[in-house]
Each structure stands twice: as C-alpha cells, then as structure tokens.
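Below is one structure, written out as structure tokens, with a few remarks after it.
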Number of protein chains: 2
Amino acid sequence: MAERPTGIAELHQRIPFLLSQLGVYLADDFVRRLAPFGVEPRTYAVLKALIEDDGQSQRQLSSQLSIHRNVMVAIIDKLEDQGLAKRMPHPGDRRAFAVTLTDKARKLLPALDAEGRAQEDEITASLTAAERKIVLRDLQRMSAAAGLIPGVHPKLV
Amino acid sequence: MAERPTGIAELHQRIPFLLSQLGVYLADDFVRRLAPFGVEPRTYAVLKALIEDDGQSQRQLSSQLSIHRNVMVAIIDKLEDQGLAKRMPHPGDRRAFAVTLTDKARKLLPALDAEGRAQEDEITASLTAAERKIVLRDLQRMSAAAGLIPGVHPKLV
DNA sequence: TATTGTTATACTCTATAACTATA
DNA sequence: TATAGTTATAGAGTATAACAATA
C-alpha cells in the first residue's frame with residue numbers, strides 16, 4: 001500500500017509547491033535569457049506594454065504593470081540610455097512624459113518574444129501539444145482563481 | 001481568424017509566465033498562511049526535513065535544502081527560540097549540533113501540512129480531481145525537465 | 001589542512017517620504 | 001488641493017569573507 005510521504009518529499013506532491021519551485025526557476029532562467037540583450041524582465045514588460053499602446057505616461061505604465069512609479073523612473077532611464085525608448089512631451093499634460101518606443105526597440109522585441117517561446121518549448125518538451133494546451137488552460141484557470149490580472153506579474157524580477 | 005496577442009496579453013498565453021506569476025502569488029500566500037503559527041516557509045522546510053530524519057547537523061540540513069549554512073544559523077536560532085527544535089550535542093562530531101525536534105514541533109507540523117493542502121484545494125478548486133492529477137503529473141515532469149530537485153525550493157521565501 | 005558553526009561587513013532591493021512643476 | 005515625475009533615505013535580505021573550535 002502507498003505510504004503518504006512525510007518529509008520534504010511530500011512537497012513534490014503539492015501543486016502550489018511545484019508551481020512556486022518552477023516559477024522561481026523560470027524567472028531566474030528568463031533573466032539569464034534576456035541578459036545578452038541587455039534587457040531585464042521588467043524592462044521587457046514595459047516594452048510590451050508600449051508596443052500595444054505607445055506614448056503612455058509613466059503613471060499609466062505604473063498602474064498597468066503594478067510597478068511603483070518611483071521604480072518606473074529607473075526603468076525608463078535605462079530604456080532611454082539603451083536607446084529603446086524616449087521621453088517625449090505629453091500632449092495635454094506638461095507634467096507627464098509620453099514614453100515612446102524607438103525603431104531599435106521595435107526591431108528588438110521579436111527576439112525577446114522568441115526567448116519566451118523558446119523557454120516554453122524547452123520546459124514543456126516532455127509534454128505533447130495536446131497536453132500543453134490543457135496545462136495552459138488549467139494554469140489560466142488557477143491564475144483567475146487567485147485573482148491575478150492576465151499578463152501582470154506580481155513581482156517583476 | 002485569431003489574432004496573436006502582441007502586448008502583455010501575450011504573456012497570459014505563455015506557460016512559463018503563468019508558472020512564475022502563480023508561483024510568486026502562492027509563495028506569498030503561503031507566507032501569510034504560516035504566519036499565524038509563527039512559522040516561515042524555510043523554517044517549515046527545516047521541520048519537514050527533521051521529521052523524516054531527526055538529529056541532522058546544520059551542515060546536513062544546509063546541503064539537503066540548498067540553504068547556505070550562514071543562513072541556517074538564524075533559522076535554527078529561531079526554531080530554538082520558539083521551542084520547536086533543540087541543538088543537542090552531535091554524537092561523533094563535537095563541532096556539530098544534532099538539531100532535534102521537540103514534541104511541540106511534532107504536534108505543530110500536521111497543522112502546517114494542512115495549510116499546504118488547503119492552499120492546494122483552493123487554487124485547484126476549478127479543476128476536477130482527474131484534471132488535478134494530470135496537472136500534478138505534468139508539473140512534476142516540468143520540474144524534472146528543469147533539473148530541479150524534488151521537494152527542494154530554489155529560493156525559500 | 002579541512003570542516004562546523006558563527007559573526008561581521010558590504011551590497012542589492014524595496015518601501016517610504018518628501019520635493020518640483022504642473023494641473 | 002491633487003497629481004506626474006523625481007530624488008533621498010532607511011530597512012530588509014543576500015552574499016562574501018573571516019574567525020574559533022574541532023576533525
């Protein structure tokens with residue numbers, strides 16, 4: 001008869017533990033994947049927010065991505081230094097900036113997205129395409145159950 | 001025809017992103033669940049390591065759990081302060097301690113384990129028992145694919 | 001000489017508050 | 001008076017190095 005494991009082996013049977021264990025590993029791995037491009041996960045998140053809606057103010061980016069405005073300053077600073085974004089005057093509010101993507105950023109983004117898909121391919125290599133679809137659906141369900149906002153990471157590494 | 005999402009909505013379609021998003025949320029949530037017991041995830045991990053093999057040295061605990069020995073000092077300090085573990089003389093090595101569980105710890109542990117199961121029940125509430133089994137199996141596969149050690153968290157919050 | 005446990009120090013991150021210029 | 005952006009500061013957490021006692 002099957003014994004219920006009692007030590008740390010029991011944690012390997014807990015879905016939340018596995019999610020956290022894998023999540024931490026993948027977050028670190030994603031940092032390593034983006035590093036050669038000089039990009040961090042949260043600068044990547046800002047770029048993706050802008051590719052959909054360019055010219056947002058730092059305030060808009062902050063609330064959309066749940067990143068504090070004080071932190072957003074440094075993120076935009078870095079993007080400007082790298083020539084990936086520019087602070088343009090905001091039409092209609094002279095206090096704010098319209099953060100705008102450069103052509104360089106638009107050319108770079110597909111490569112960054114590709115890293116995310118490559119990471120997914122590797123981590124799910126032992127699953128069939130059908131199994132992958134089901135896992136994706138179940139993770140989306142759990143994300144919703146937890147009240148998480150789609151595409152918003154609670155703590156951008 | 002279905003458009004591929006390009007902004008941050010695309011991240012909601014990426015398995016690694018969802019794993020990280022959920023993982024961070026669940027780790028924080030687990031901290032909140034253990035807090036009323038005065039326990040943190042890593043003290044919990046040490047207790048679980050000891051329930052299986054009591055009297056381990058700090059060195060053994062460190063390498064088993066991938067926690068640095070410098071950090072382990074403070075963890076055992078806290079467990080001693082709470083009366084959950086004791087530093088006993090180590091038979092055969094006078095440099096080391098045999099970290100030993102107290103009765104109080106043995107009585108406490110089932111309640112802590114129950115929190116983990118309760119968390120699992122809540123996050124998987126929208127899944128059937130059969131779906132849950134499949135998710136568990138797939139997460140274990142991905143954990144293995146990533147080279148992670150069963151039951152060992154890469155960064156104990 | 002290497003190892004166990006410990007302590008001290010520096011470094012990174014984050015959170016809070018406070019400042020300026022506009023609204 | 002409130003808001004957008006910015007800066008400064010303090011606190012928590014982590015990593016590294018070094019130490020005493022024992023192997």
Side-chain angles (χ1 to χ4, degrees), chain A residues 20 24-25 27-28 30-32 34-35 40-43 45-46 49-50 53-81 85-100 152-157, chain B residues 20 24-25 27-28 30-32 34-35 38-46 49-50 53 55-81 85-100 152-157:
Chain A
S20 178
V24 167
Y25 165 79
D28 281 358
F30 198 51
V31 170
R32 285 189 292 270
L34 294 186
E40 300 166 45
R42 41 192 191 189
T43 59
V46 170
L50 290 173
D53 184 9
D54 203 17
Q56 292 183 71
S57 67
Q58 297 182 197
R59 180 54 164 150
Q60 286 175 300
L61 290 168
S62 293
S63 55
Q64 182 185 176
L65 298 173
S66 295
I67 298 174
H68 197 283
R69 65 200 166 105
N70 301 9
V71 177
M72 187 58 68
V73 174
I75 295 175
I76 306 300
D77 281 351
K78 187 178 177 187
L79 287 175
E80 267 199 322
D81 287 347
K86 275 185 291 195
R87 279 187 245 239
M88 309 284 276
H90 194 288
D93 191 340
R94 283 188 298 172
R95 293 172 304 180
F97 291 116
V99 184
T100 311
V152 175
H153 197 287
K155 197 176 295 179
L156 286 175
V157 187
Chain B
S20 178
V24 167
Y25 165 78
D28 281 359
F30 198 52
V31 170
R32 285 190 292 270
L34 294 186
V39 175
E40 299 166 43
R42 44 190 187 186
T43 58
Y44 173 59
V46 170
L50 290 173
D53 184 9
Q56 291 183 72
S57 68
Q58 295 181 196
R59 180 54 166 152
Q60 287 174 298
L61 290 167
S62 293
S63 55
Q64 183 185 176
L65 298 173
S66 294
I67 298 175
H68 197 282
R69 63 199 165 105
N70 300 10
V71 177
M72 188 59 67
V73 175
I75 294 175
I76 307 301
D77 281 351
K78 187 177 176 188
L79 286 174
E80 266 198 323
D81 287 347
K86 275 186 290 197
R87 276 187 248 241
M88 310 283 277
H90 194 288
D93 191 340
R94 283 188 298 170
R95 292 171 304 180
F97 292 115
V99 183
T100 311
V152 176
H153 197 287
K155 196 176 295 180
L156 286 173
V157 189

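Fair warning: this is a prediction, and the values are worked out from it, not measured in the lab. Throughout, a chain's letter reflects where its sequence line sits, starting with A, and its residues are numbered from 1.
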- prompt: Taking all non-hydrogen atoms of both residues, which atom of L156(B) and which atom of I67(B) are closest, and how far apart?
  reply: CD1-CD1, 3.3 Å

message: Each nucleotide in nucleotides 5-12 of chain C should get exactly one letter: B, S or -. Can you fill that in based on protein heavy atoms under 4.0 Å?
response: BBB-----

- request: Report the nucleotide, chosen from dT14(C), dA23(D), dA23(C), that has the shortest atom-to-atom distance to any side-chain atom of D93(B).
  value: dA23(D)

Rounded to the Å, how far apart are [X] [atom1] and [N] [atom2]?
| X | N | atom1 | atom2 | answer |
| --- | --- | --- | --- | --- |
| I67(B) | dA15(D) | CD1 | P | 12 Å |
| L156(B) | dA12(D) | CG | C1' | 17 Å |
| I75(B) | dT4(C) | CD1 | C1' | 16 Å |

- prompt: Counting distance only, does the side-chain N/O of Q58(B) pair as donor-acceptor with the main-chain N or O of F97(B) below 3.5 Å?
  reply: no

task: Could I get the full list of side-chain hydrogen bond (donor to acceptor under 3.5 Å, both in side chains) partners for D53(A), not counting sequence neighbours?
output: none

Between side-chain atoms of residues 74-81 of chain B and protein atoms elsewhere (two or more places apart, or another chain), which donor-acceptor pairs fall under 3.5 Å?
unit_1 : atom_1 : unit_2 : atom_2 : d
D77(B) : OD1    : R87(B) : NH2    : 2.1
K78(B) : NZ     : E40(B) : OE2    : 2.7
E80(B) : OE1    : R87(B) : NE     : 3.2
E80(B) : OE2    : R87(B) : N      : 2.9

Residue among S57(A), S62(A), S63(A) satisfying side-chain contact (heavy atoms from CB on, under 4.5 Å) with M72(A): S62(A)

message: Are T100(B) and L50(B) packed together at the side-chain level, in the sense that at least one heavy-atom pair is separated by less than 4.5 angstrom?
response: no

